[in-house]
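The chains referred to below are lettered A, B, ... by the order of the sequence lines, with proteins before strands, and numbering in each begins at 1.
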There are 2 protein chains.
Amino acid sequence: MFSIGQLSKATGVKVPTIRYYEEIGLLPAPGRNAGNQRRYGQGGMDTLGFIKHARDLGFSLEDIKSLMGLDGHLGDDCAAADKIARSQLANVRDRIRKLEQLATELERISHLCDDGNGGCCQVLTALGDHRLCAGDHS
Amino acid sequence: MFSIGQLSKATGVKVPTIRYYEEIGLLPAPGRNAGNQRRYGQGGMDTLGFIKHARDLGFSLEDIKSLMGLDGHLGDDCAAADKIARSQLANVRDRIRKLEQLATELERISHLCDDGNGGCCQVLTALGDHRLCAGDHS
DNA sequence: CTTGATGCTCTAGTGACTAGAGGTCCTACT
DNA sequence: AGTAGGACCTCTAGTCACTAGAGCATCAAG
């Protein structure tokens, strides 16, 4: 049996966050000891580990709810899980693409001060005028 | 003179968002007409364009406040602006790196179902056990 | 038996908006 | 001049995924 603090240390999920997950029905409410404190078993540990890992991979809590069964246990609908994972992958790829455009643009802007082309500050001008952009981000 | 709707169309910033920017002191409150409706000049248009572009580049509203003068006009402190832009670039690069790790991991997970290695669902197992990860994301 | 860490509930705040209610105003058309 | 419908106004509350703090109870070690 683990206290909420031990669970927190073991999984890397902060204590208030664990209580929050319970509140929104993501993590099943565990039993309590005589002093009304939460006591978790291995099942709670596994479920929280699952949630943590999925969150690190960028899944929303809504996605995670879908990935787990309605009763709070891990589901086993492979096709659905695979679909969510693939859509998440597409999402991540898209974010990478957008961020790369931004990095290009920011790099260009950052170099404006180096060139010494008639004094600063070109950075603010570049930020102010989208037409000066090289790429077509967003 | 532009109405808030015209400003919205011209800049691509939604009407409630413009009012929100005004409320938090990012966009100076414009004059009103006889019927208490906002009327913007070119200055308002420019400032909102600046905000929009900076937001698209991933700057926080707090960053944008720093980039603009305290009185709501565009500032001209080049060194400070450059510092913010560079820190934003580093931030974006970091996010790209993390997302690439996630994409790798998600790709691996998504392929588990293809392999047909003893039946599904490996996706949920992989999500549940961080130790099965190839890379060390997060 | 005390001390300090850990736990409890509850409320409110974060960032950057978004949605809706309920009302007023402007503009174009008849 | 009247009217229909869109645009505008303020205000409140909701979103997501937490985070912070108040004020109290409980637990474990010395």
Side-chain angles (χ1 to χ4, degrees), chain A residues 1-27 29-41 44-45 47-48 50-68 84 88 91 95 98 102 138, chain B residues 1-27 29-40 44 47-48 50-68 84 87-88 91-92 95 98 102 138:
Chain A
M1 285 302 196
F2 315 106
S3 71
I4 197 168
Q6 291 171 324
L7 207 66
S8 169
K9 255 183 203 144
T11 58
V13 179
K14 286 182 192 159
V15 169
T17 304
I18 297 174
R19 288 197 275 249
Y20 170 71
Y21 287 164
E22 180 183 324
E23 188 189 319
I24 64 170
L26 193 60
L27 190 64
R32 303 283 181 127
N33 72 354
N36 195 35
Q37 301 192 349
R38 290 166 180 83
R39 289 295 174 259
Y40 297 89
M45 180 77 91
T47 304
L48 188 57
F50 176 89
I51 295 169
K52 173 66 159 69
H53 193 191
R55 282 294 295 141
D56 284 346
L57 288 170
F59 292 88
S60 71
L61 295 184
E62 218 35 62
D63 282 340
I64 297 172
K65 247 182 204 164
S66 310
L67 285 168
M68 303 196 308
I84 293 175
Q88 178 60 16
N91 186 350
R95 273 154 69 197
K98 282 212 178 101
L102 295 191
S138 86
Chain B
M1 283 302 196
F2 314 105
S3 72
I4 197 168
Q6 291 171 323
L7 206 65
S8 170
K9 253 184 204 144
T11 58
V13 178
K14 288 183 192 155
V15 169
T17 305
I18 297 175
R19 288 197 275 249
Y20 169 71
Y21 288 164
E22 179 183 324
E23 189 190 320
I24 64 169
L26 193 59
L27 190 64
R32 305 282 181 127
N33 71 355
N36 197 34
Q37 301 194 346
R38 291 167 180 83
R39 289 295 175 258
Y40 297 89
T47 304
L48 187 57
F50 175 89
I51 295 170
K52 173 68 160 67
H53 193 192
R55 282 295 295 141
D56 284 346
L57 289 170
F59 292 88
S60 72
L61 296 184
E62 218 34 64
D63 281 342
I64 296 171
K65 248 182 204 165
S66 310
L67 285 169
M68 304 196 307
I84 292 175
S87 115
Q88 178 61 13
N91 186 351
V92 167
R95 273 153 71 197
K98 281 210 177 104
L102 295 191
S138 90

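Rounding to whole angstrom units, CE of residue Met1(B) and P of dT27(C) are separated by 14 Å. Spacing between atom CD of Glu22(B) and atom P of dA16(C) amounts to 18 Å, rounded to whole angstrom units. Distance NZ (Lys9(A)) to P (dG7(C)): 8 Å, rounded to an integer number of Å. The separation between Tyr20(A) atom OH and dT19(D) atom C1' is 11 Å, rounded to whole Å. In this structure, CD of Glu23(B) is placed 13 Å from C1' of dT18(C), rounded to the nearest angstrom. One interatomic measurement links the two molecules: CD1 of Ile18(B) to P of dC17(C), which rounds to 11 Å at whole-angstrom precision. Rounded to an integer number of Å, the gap from CZ of Phe2(B) to C1' of dC8(D) is 18 Å. Spacing between atom NZ of Lys52(B) and atom C1' of dA16(C) amounts to 14 Å, rounded to whole angstrom units.
Taking only side-chain atoms of Arg55(A), from C-beta outward, the nucleotide of dT26(D), dA17(D), dT19(D) with the closest atom is dA17(D). If you check dA16(C), dT26(D), dC26(C) against the side chain of Gln37(A), the one that comes closest is dT26(D). In the set dC25(C), dT10(D), dT18(C), dT10(D) carries the atom at the smallest distance from any side-chain atom of Arg19(B). Side chain of Val15(B), nearest nucleotide from dC17(C), dC8(D), dG7(C): dC8(D). Comparing atom distances between the Ser60(B) side chain and each of dA16(C), dC9(D), dC26(C) picks out dA16(C) as nearest.
Side-chain contact between Gln37(B) and Ile4(B) is absent, with no heavy atoms from C-beta onward closer than 4.5 Å. Looking at heavy atoms from C-beta onward, Arg38(A) lies out of side-chain contact with Ser3(A) at the 4.5 angstrom threshold. With a 4.5 Å cut-off on side-chain heavy atoms, Leu61(A) and Arg55(A) count as touching. With contacts defined as side-chain heavy-atom distances shorter than 4.5 Å, the pair Ile64(B)/Phe50(B) qualifies.
For the pair Thr17(B) and dT18(C), the criterion of a side-chain N or O lying under 4.0 Å from OP1 or OP2 is met. Contact annotation: Lys14(A) side-chain N/O to dC18(D) OP1/OP2 distance is not under 4.0 Å. Side-chain N/O atoms of Asn36(A) include none lying less than 4.0 angstrom from OP1 or OP2 on dG7(C). Contact between the side-chain N/O atoms of Arg38(B) and the OP1/OP2 oxygens of dC9(D) is found at a separation under 4.0 Å. For dC18(D), the OP1/OP2 oxygens have a side-chain nitrogen or oxygen of Tyr21(A) closer than 4.0 Å. Dashed line: the shortest gap from a side-chain N or O of Ser3(A) to OP1 or OP2 of dG7(C) is under 4.0 Å. In this model, the phosphate group of dC25(C) is not approached by any side-chain N or O of Arg32(B) to a distance below 4.0 Å at OP1 or OP2.
The residue Ile4(B) sits close only to the backbone: its heavy atoms come under 4.0 Å of sugar-phosphate atoms, none of a base.
The side chain to side chain contact (heavy atoms under 4.5 Å, CB included) test with Leu48(A) is passed by exactly one of Val13(A), Leu26(A), Thr17(A): Val13(A).
Projected onto DNA chain D by closest heavy-atom contact, Glu62(A) and Gln6(B) fall at different nucleotides, the more 5' of which corresponds to Gln6(B). Both Gly35(B) and Leu61(B) lie near DNA chain C, and the one whose nearest nucleotide falls closer to the 5' end is Leu61(B).
Contact between Glu22(A) and Ala29(A) at its shortest, heavy atoms only, is OE2-CB, 3.6 Å.
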